**Student:** 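Sending over a structure as structure tokens; questions will come in a sec.
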Amino acid sequence: MNDKKKIIKYLNQKGISKNKFYLTTGLSVGFLDSGNSLGVDKLRMIIDKYHDLNPMWFLKENEPMILENLSENLSGPLKRVCEESYSEINKDFDREKLIEILQKTIFYQEQAISYLRDQITMINK
């Protein structure tokens with residue numbers, strides 16, 4: 001299965017229309033219907049918008065399409081830090097590295113909390 005067909009499979013599984021995909025990513029209408037490969041720049045754009053799409057799935061067929069081990073509520077930098085944390089912890093247990101990763105996680109969680117508080121304040125006005 002080529003890369004663009006994989007994107008279509010992902011969209012179908014998630015119930016996302018091609019039009020919504022084009023609007024979300026900023027890619028041109030018809031992008032998925034022309035050619036076979038995505039290109040690294042386009043794949044980055046897609047993964048930045050669809051955080052549960054496993055980039056390793058494009059490299060290895062036996063990888064899961066969707067990253068299911070992370071909370072559905074995470075997004076952006078916080079999700080990336082958590083993904084790094086899980087992969088680093090699973091690779092090799094190193095106490096100092098684990099502390100560094102957990103400190104990064106706390107930092108991004110604090111940023112997320114601050115952002116959400118600002119959103120709540122704006123909604124309540």
Side-chain angles (χ1 to χ4, degrees):
M1 179 181 322
N2 69 46
D3 293 342
K4 289 187 178 180
K5 286 184 181 176
K6 285 184 174 187
I7 294 294
I8 293 168
K9 180 178 179 177
Y10 168 81
L11 295 175
N12 289 336
Q13 183 163 334
K14 298 294 281 188
I16 301 168
S17 71
K18 285 184 183 179
N19 286 333
K20 184 173 181 181
F21 169 79
Y22 295 135
L23 288 171
T24 302
T25 60
L27 295 169
S28 61
V29 173
F31 170 76
L32 292 174
D33 300 318
S34 64
N36 292 327
S37 72
L38 293 171
V40 174
D41 59 330
K42 303 290 191 275
L43 182 58
R44 282 187 184 144
M45 289 172 66
I46 294 165
I47 290 170
D48 281 344
K49 300 298 180 183
Y50 298 99
H51 302 288
D52 66 341
L53 179 58
N54 184 0
M56 290 303 296
W57 182 54
F58 292 91
L59 301 173
K60 299 179 186 176
E61 292 289 329
N62 62 343
E63 291 288 325
M65 175 174 57
I66 296 175
L67 296 169
E68 294 184 25
N69 63 340
L70 299 174
S71 168
E72 290 291 321
N73 297 325
L74 297 179
S75 64
L78 177 59
K79 186 161 187 170
R80 282 190 281 281
V81 167
C82 290
E83 290 168 357
E84 288 175 20
S85 299
Y86 287 123
S87 66
E88 288 297 326
I89 291 168
N90 289 334
K91 270 191 222 172
D92 193 13
F93 184 80
D94 176 351
R95 186 170 186 259
E96 295 303 316
K97 183 71 174 174
L98 177 60
I99 291 169
E100 178 187 327
I101 290 167
L102 293 173
Q103 287 172 334
K104 267 190 199 178
T105 302
I106 291 167
F107 172 77
Y108 283 109
Q109 286 174 339
E110 288 171 345
Q111 282 189 328
I113 289 168
S114 176
Y115 171 78
L116 292 172
R117 282 188 180 138
D118 291 344
Q119 293 297 309
I120 291 168
T121 302
M122 287 177 28
I123 290 170
N124 289 332
K125 286 186 178 180

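Because the structure is predicted, anything quoted here is derived from the model rather than measured. Just the heavy atoms: all of them, side chains too, but no hydrogens, waters or symmetry mates, feed the values below.
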**Student:** Could you list the residues that satisfy side-chain hydrogen bond (donor to acceptor under 3.5 Å, both in side chains) with Tyr10, not counting sequence neighbours?
**Tutor:**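 Scan of Tyr10 (side-chain hydrogen bond (donor to acceptor under 3.5 Å, both in side chains), adjacent residues dropped) gives Asp52.
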**Student:** Going by salt bridge (charged side-chain N to carboxylate O under 4.0 Å, His left out), name the pairs with one or both residues in residues 22-42, residues two or more places apart or in two chains.
**Tutor:**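 Sorted result for residues 22-42: Lys18-Asp33.
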**Student:** Looking only at atom types and distance, does a side-chain atom of Lys4 sit under 3.5 Å from a main-chain N or O of Ser34, one as donor and one as acceptor?
**Tutor:**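 Yes, because the side chain of Lys4 sits within donor-acceptor range (under 3.5 Å) of the backbone of Ser34.
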**Student:** Run the side chain to side chain contact (heavy atoms under 4.5 Å, CB included) test against Ser17 and tell me which residues pass, sequence neighbours left out.
**Tutor:**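 For Ser17 the side chain to side chain contact (heavy atoms under 4.5 Å, CB included) partners, ignoring immediate neighbours, are Asn19, Lys20.
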**Student:** What are the two closest non-hydrogen atoms of Thr25 and Met45, and how far apart are they?
**Tutor:**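 Closest pair (atom of Thr25, atom of Met45, distance): O-CE, 3.3 Å.
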**Student:** Under 4.5 Å side-chain heavy-atom separation, chaining through any Ile, Leu, Val, Met, Phe, Trp or Tyr, what else clusters with Leu59? Say none if it is isolated.
**Tutor:**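 Grouped by the 4.5 Å side-chain rule, Met56 form the rest of the cluster around Leu59.
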**Student:** Nearest 0.5 angstrom please: Ile16 CD1 to Lys49 NZ, how far?
**Tutor:**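 Going from the CD1 atom of Ile16 to the NZ atom of Lys49 covers 13.0 Å.
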**Student:** Kindly determine whether Phe21 and Ile46 satisfy side-chain contact (heavy atoms from CB on, under 4.5 Å), including the steps that lead there.
**Tutor:** CA-CA 9 Å; Phe21 169 79; Ile46 294 165; 3.8 Å; yes
**Student:** Hydrophobic cluster membership, with links at side-chain heavy-atom distances under 4.5 Å among I/L/V/M/F/W/Y: are Leu11 and Ile66 in one?
**Tutor:**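 Yes, same cluster.
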**Student:** Per the salt bridge (charged side-chain N to carboxylate O under 4.0 Å, His left out) rule, what does the pair list look like for residues 106-123, sequence neighbours excluded?
**Tutor:**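 Sorted pair list comes back empty.
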**Student:** For Lys5 and Asn2, what are the C-alpha separation, side-chain angles and deciding distance, and is it a side-chain contact (heavy atoms from CB on, under 4.5 Å)?
**Tutor:** CA-CA 5 Å; Lys5 286 184 181 176; Asn2 69 46; 3.4 Å; yes
**Student:** Minimum heavy-atom separation for Tyr22 to Leu32, with atom names?
**Tutor:**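 Heavy atoms only, the tightest pair is OH-N, 3.3 Å.
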**Student:** Under 4.5 Å between side-chain heavy atoms, chaining through other members, with only Ile, Leu, Val, Met, Phe, Trp and Tyr counted: pull out the rest of the cluster around Ile120, sorted by chain and number.
**Tutor:**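 Ile120 shares its hydrophobic cluster with no other residue.
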**Student:** Locate the shortest heavy-atom distance separating Asn54 from Glu63; write the atom from each residue and the value.
**Tutor:**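 Closest approach of Asn54 to Glu63, heavy atoms only: ND2-OE1, 3.8 Å.
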**Student:** For Asn12, give me all partners under side chain to side chain contact (heavy atoms under 4.5 Å, CB included), at least two apart in sequence or on another chain.
**Tutor:**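 With neighbours one apart ignored, the set is Ile8.
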**Student:** What pair of heavy atoms forms the shortest contact from Leu38 to Ile7, and how long is it?
**Tutor:**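 Closest approach of Leu38 to Ile7, heavy atoms only: CD1-CG1, 3.9 Å.
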**Student:** What distance do Lys14 atom NZ and Leu53 atom CG have between them, rounded to the nearest 0.5 Å?
**Tutor:**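 Separation between the atoms: 9.5 Å.
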**Student:** Tell me, please, which residues at least two apart from Lys6 pass side chain to side chain contact (heavy atoms under 4.5 Å, CB included).
**Tutor:**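 Side chain to side chain contact (heavy atoms under 4.5 Å, CB included) check on Lys6 returns Met1, Trp57, Phe58, Glu61.
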**Student:** Got a sec, which hydrophobics cluster with Leu116, joining ILVMFWY side chains under 4.5 Å apart, including via others?
**Tutor:**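 Its cluster partners, ordered by chain and number, are Tyr115.
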